[in-house]
Amino acid sequence: MKHYPAEFKADAVALYRSRPGATIAQIADDLGVNPTRNTNWRSTATSDCN
């Protein structure tokens, strides 16, 4: 399993949030990662904000 640095994960979440209408699958494809990973990162980022 490939590990991604925290900065890459944060950038992926920021990219998703900055593109209204974009799907997680589209962002994941742009970044070359599995969509499930991007979903997990987004969930983690959201819970970190609370």
Apply the side chain to side chain contact (heavy atoms under 4.5 Å, CB included) test between Y16 and each candidate in D11, L31, T23, I27; give the one that qualifies.
I27

Kindly indicate, with the supporting measurements, whether the criterion side chain to side chain contact (heavy atoms under 4.5 Å, CB included) is fulfilled by V33 and F8.
CA-CA 11 Å; V33 299; F8 180 83; 4.0 Å; yes

Hits for salt bridge (charged side-chain N to carboxylate O under 4.0 Å, His left out) against D30, two or more places apart or cross-chain, chain-then-number order -> R19

